[in-house]
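Below: one structure, written as structure tokens.
For this chain, numbers begin at 1 and follow the sequence in order.
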Amino acid sequence: MSEPGEAHRPTEPGEPPDAAGTSPRGEARPPERGPWTPVVYGRTRRADRWWRAVPGDVDREWLAAVVTGVTAGGRDLDQGPRFLLAQNRGSRLVGVACRAAEISTSMNTDGSRPLYCFVGWCAPLAEAAGGGPVLAELRDRYVPWAAPVYEKWMRADWETHPSRLHQPHEPPPGPPPWGAAPAGTVPPRPEPEHPLHWPAQDADVPWRIARDSGLPCAVSVGWRRARDAQALAGIRSDIAADDVREVVKAGLPAPPPAPPSRPPPGAAPAAKKSGPRPGGGSPSGRTDLPPVPRALRPPGTDSSGTPPAALQDPVKKASAKRPSLFSLREWGRKVKRLARPPAEPGSQGRPERDER
């Protein structure tokens, strides 16, 4: 689609020319040359289609990955914007993800919910190497920089019927809204081959490293929780988040625990070990004893003289009969008879009566 023509937003005296190609007095000016092309991502009031402006020569799969990664479905953007600097082998992208209400008073809701968006600038890496704003300047100026770009490319589609929204606009390249960034010394980066998580107060360090580098990377800052930035999986990316206390290597998810080993099919189950208990005692804890004669066993005991094991069923255990007093007396009389010495042959006299 061609570039739409529309009125620019009002500007204050002394403000630099905006992205619509007009001067502060509203006079047309000749287009300036530059490598940076606007990128606008946000849905319209009537259609759930998000790409409004995309450079014609960019890798759209890479662009979709980094933009949807930093927007993260609008998560926590009501608490503040997030800023992105990303590059692959051919392009560099700088921009901001924020609530649409921050940069537009009329195109910020579909009638039932607030909208979020991404506005940025993309350039060929060969022409943008070392270029881009410093993070502090982008934080301070993202509203006046992004507002005219959003207004221009969103206004063209805001009321368009969904059936007519087929392809995003392809804006022409132009100069960026920021000036030349000051040169500085980049601090050494620990383990540059690994993604790192940075404390929020140190976000400027990975930003400057990426801006002065030509290697593929992505730096996104402004996260509340580091785990929310995992949408950039597959792209080596640094983040800065409020819940990070020191620079750490971005960890990978822990592998699932190994399943328990199973015996091969047809193998017999392991037999339980049997044998004497420690100390050589019997199960009751007593040493080996000769069997007790049946006549000398107390009622309800076995050959070792110990009572049987307790019943497992609590109902049966409660209802188990205890030996009666009569059976105990009979057992006592038998013990006395067996303990009485035998009578001598030929002895006279009446046998003693059993004691009752």
Q: Applying side chain to side chain contact (heavy atoms under 4.5 Å, CB included), run through Val54 and Trp153 and close with a yes or a no.
A: CA-CA 10 Å; Val54 176; Trp153 299 105; over 6 Å; no
Q: To the nearest 0.5 angstrom, please state how far the CG atom of Asp202 sits from the CH2 atom of Trp207.
A: 15.5 Å
Q | Which atom of Cys117 lies closest to which atom of Ile103, heavy atoms considered | A | SG-CD1, 3.7 Å
Q. Between Leu138 and Trp145, does a side chain to side chain contact (heavy atoms under 4.5 Å, CB included) hold up when you go through it step by step?
A. CA-CA 9 Å; Leu138 181 58; Trp145 289 352; 3.9 Å; yes
Q: Check the surroundings of atom CD in Gln79: do more than 12 heavy atoms from other residues, nucleotides or ligands lie under 6.0 Å from it?
A: yes
Q) Would you call Asp76-Arg225 a salt bridge at under 4.0 Å N-O? A) yes
Q.
Taking Glu102's backbone N and O only, do any of them form a donor-acceptor pair with Asn108's side chain (distance below 3.5 Å, no angle check)?
A. no
Q | Spacing of CG belonging to Asp59 relative to SG belonging to Cys122, to within rounding of 0.5 Å | A | 10.0 Å
Q: State the CZ-OG distance between Arg155 and Ser104, to the nearest 0.5 angstrom.
A: 6.5 Å
Q: Enter the distance from Arg82:CZ to Thr71:OG1 here, rounded to the nearest 0.5 Å.
A: 7.5 Å
(Q) Determine whether a donor-acceptor pair (N or O, by modelled atom type, separation under 3.5 Å) exists between the side chain of Arg211 and the backbone of Val134. (A) no
**Q.** Minimum heavy-atom distance between Trp62 and Val58, given as atom pair plus value
**A.** CZ3-CG2, 3.9 Å
Q) Any donor-acceptor pair under 3.5 Å linking the side chain of Arg49 with the backbone of Arg46? A) no
Q. If you draw a 6.0 Å radius around CD in Glu246, do more than 12 non-hydrogen atoms from other residues or ligands fall strictly inside?
A. no
Q) Backbone N or O of Ala72 within a donor-acceptor pair of the Tyr116 side chain at under 3.5 Å? A) no
Q. Under a 4.5 Å cut-off applied to non-hydrogen side-chain atoms, are Thr68 and Trp50 in contact?
A. no
Q. Any link between Leu125 and Leu215 through a network of hydrophobic side chains (Ile, Leu, Val, Met, Phe, Trp, Tyr) touching at under 4.5 Å?
A. no
Q) Out of curiosity, Met107 CE to Arg52 CZ, how far, rounded to the nearest 0.5 Å? A) 11.0 Å
Q. After noting the C-alpha distance and the side-chain angles of Arg224 and Asp243, does the key distance pass the side chain to side chain contact (heavy atoms under 4.5 Å, CB included) rule?
A. CA-CA 7 Å; Arg224 298 296 173 264; Asp243 63 346; over 6 Å; no
(Q) Applying ring-ring contact (aromatic ring centres under 6.0 Å, His included), can you list everything that pairs with Trp36, at least two apart in sequence or on another chain? (A) Trp178
Q: Would you name the heavy atoms of Ala97 and Phe118 that are closest together and state the gap between them?
A: N-CD1, 3.9 Å
Q. So, do Pro38 and Val119 sit near enough that their side-chain heavy atoms are less than 4.5 Å apart?
A. no
Q.
Can you tell me how the ring of Tyr142 sits relative to the ring of Phe83, calling it parallel under 30°, perpendicular over 60° and tilted otherwise?
A. perpendicular
Q) Can you tell if the side chain of Glu159 reaches within under 4.5 Å of the side chain of Arg45, non-hydrogen atoms only? A) yes
Q) Only one of Ser91, Pro171, Pro176 clears side-chain contact (heavy atoms from CB on, under 4.5 Å) with Thr37; which? A) Pro171
Q.
Testing the basics here: between Val96 and Pro81, what is the closest heavy-atom pair and its distance to 0.1 Å?
A. CG2-CB, 3.8 Å
Q: First locate atom CZ of Arg245, then atom NE2 of His197, and finally report the distance between them rounded to the nearest 0.5 Å.
A: 14.0 Å
Q: Please determine if Arg208 and Asp204 form a salt bridge, counting it only when a charged side-chain N lies under 4.0 Å from a carboxylate O.
A: yes
(Q) Just so I know, are the side chains of Trp198 and Val219 near enough to count as touching, which here means a heavy-atom distance under 4.5 Å? (A) no
Q: Would you mind telling me which of Ile239, Val244, Asp238 makes a side-chain contact (heavy atoms from CB on, under 4.5 Å) with Leu196?
A: Asp238
Q: Provide the closest heavy-atom pair for Trp51 versus Ala64 in the form atom of the first, atom of the second, distance.
A: CZ2-CA, 3.8 Å
Q | Short N-O contact, Arg141 and Glu137, less than 4.0 angstrom | A | no
Q: List the atom of Ala240, the atom of Ala200, and the distance in Å for their closest heavy-atom pair.
A: CB-CA, 4.3 Å
